[in-house]
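One structure is given here, and the rest of the page talks about it.
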Number of protein chains: 2
Amino acid sequence: MAKLDARLDLHFAALGDPTRRAILSRLARGPASVSELAAPHDMALPSFMGHLKKLEDAGLITTVKEGRVRHCQLAPDAFAPVQDWLGEQRALWNGRLDRFDDYVANLMKDRNR
Amino acid sequence: MAKLDARLDLHFAALGDPTRRAILSRLARGPASVSELAAPHDMALPSFMGHLKKLEDAGLITTVKEGRVRHCQLAPDAFAPVQDWLGEQRALWNGRLDRFDDYVANLMKDRNR
DNA sequence: TGTTTAGTTAGGCACATGGCTAAGCTTGAT
DNA sequence: ATCAAGCTTAGCCATGTGCCTAACTAAACA
């Protein structure tokens, strides 16, 4: 669980920045080089690379260097951990509702006695 | 778009911390007071309150003070913005957006420059 | 009325984050 | 052999984050 936690930390932290979400949206349309990705963002290249590094550290994208160009693409199943966590929360919430139903059911039973 | 962006920033940033995710998991089981929530976390109360504040600022939880006790609960549809964003990404990935949507997205990108 | 309980406010410290410039290093083109 | 393109490294700065302690306020209780 602790390992998963650390991964989720990186995932959510990476997603908590509009520049990085924009990069992901761009990559969802297809792979691109660093400078292609950087072009629409009014930011010095080293700053931009910092964002790419966080996305890669989080496992959201993968990059390969070919010659002097680095190609980037979305990682397969990039959002699976986030989806899974949301699913868990949903399950907890539903469990709560189930218990609430039980509670109400019991109340009714008691009342009818 | 800019407003949604800011909201997503807060959401994801709030989720990017294990303490705060634990709070949400606890609240998914039902409402609780501040000290009930804080009990399992080995942390000074002011530090813990900082986490609660971020969750509330992000709109993930709501709190009400009754007497000297502050009651906390999950906000209704707390995760909707995150779910929506993930849905969008999925749609992009699946290439489900038609040309008009693409056209609008590009327009907006240009406008924001 | 005095004490305990439950938060809150104030302030401080260490480290992370997000931005910059300047300089360096491969690779591809001329 | 030289120059340009495409990163990459190094180092700096301002601000934000996450934690702490100490002192405070406002209920609830005895």
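Note that the structure is predicted; figures quoted are calculated from it, not measured. Reckoned from all heavy atoms, side chains included, excluding hydrogens, waters and symmetry mates. Chain letters run A, B, ... following the sequence lines, proteins first, then strands; residues in each count from 1.
Within the 4.5 Å cutoff, no side-chain heavy atoms of His71(A) are placed close to those of Pro31(A).
Atom-to-atom, CD of Glu66(A) to C1' of dC7(D) comes out at 15 Å; the value is rounded to the nearest Å. Rounded to whole Å, the distance from CE on Met49(A) to P on dG11(D) is 18 Å. Nucleotide dC7(D) holds its P atom 8 Å from the NE2 atom of His71(A), rounded to whole Å. With rounding to whole Å, Leu37(B) atom CG is found 13 Å from dA6(C) atom C1'. Following rounding to the nearest Å, Leu45(B) (CG) and dG11(C) (P) show an atom-to-atom distance of 19 Å. dT17(C) atom C1' lies 17 Å from atom CZ of Phe48(A), rounded to whole Å. Between His41(A) atom NE2 and dC20(C) atom P the separation is 13 Å, expressed in whole Å. Between the CG atom of Leu55(B) and the P atom of dT17(D) there is a distance of 13 Å, rounded to whole Å.
For Trp85(A) and Phe79(A), the ring centers are positioned 6.0 Å apart or more.
Of the candidate nucleotides dG18(C), dC20(D), dA6(C), dG18(C) has the atom lying nearest to any side-chain atom of Arg20(A). Picking from dC7(D), dT21(D), dG7(C) the nucleotide with the shortest atom distance to the side chain of Ala44(B) gives dT21(D). For Pro46(A), counting side-chain heavy atoms from C-beta on, the closest listed nucleotide (dG7(C), dT8(C), dA10(D)) is dA10(D). With distances taken from any side-chain atom of Ser33(B) to the nucleotides dG7(C), dT5(C), dA10(D), the minimum falls on dG7(C). The nucleotide whose nearest atom lies closest to any side-chain atom of Lys54(B) is, among dC7(D), dG18(D), dA6(C), dG18(D). Of all nucleotides listed (dT21(C), dT21(D), dG6(D)), dG6(D) comes nearest to the side chain of Ser35(A).
Under 4.0 angstrom from either OP1 or OP2 of dG18(C) there lies no side-chain N or O belonging to Thr19(A). A sub-4.0 Å separation between OP1 or OP2 of dA29(C) and a side-chain N or O of Arg68(A) is absent. Dashed line: the shortest gap from a side-chain N or O of Lys65(B) to OP1 or OP2 of dA26(D) is not under 4.0 Å. Phosphate contact (OP1/OP2 of dG19(C), side-chain N/O of His51(A), threshold under 4.0 Å): present.
Remark: Arg20(A) CZ to Lys53(A) NZ distance equals 12.0 Å, nearest 0.5 Å.
Using a 4.0 Å cut-off between a side-chain N of Lys or Arg and a carboxylate O of Asp or Glu, Arg21(B) and Asp17(B) do not qualify as a salt bridge.
The 5' end of DNA chain C is approached more closely, in terms of each residue's nearest nucleotide, by Met43(A) than by the other of Gly67(A) and Met43(A).
Among the protein residues, Ser47(A) comes within range of the nucleic acid bases, having at least one heavy atom under 4.0 Å from a base atom. In this structure, Gly50(B) reaches neither bases nor backbone, as no heavy-atom distance under 4.0 Å exists between it and the strands shown.
For the residue pair Thr62(A)/Glu56(A), the side-chain donor-acceptor check at 3.5 Å is not satisfied.
In terms of heavy atoms, Ala58(B) sits closest to Ala14(B) at CB-CB, 4.0 Å.
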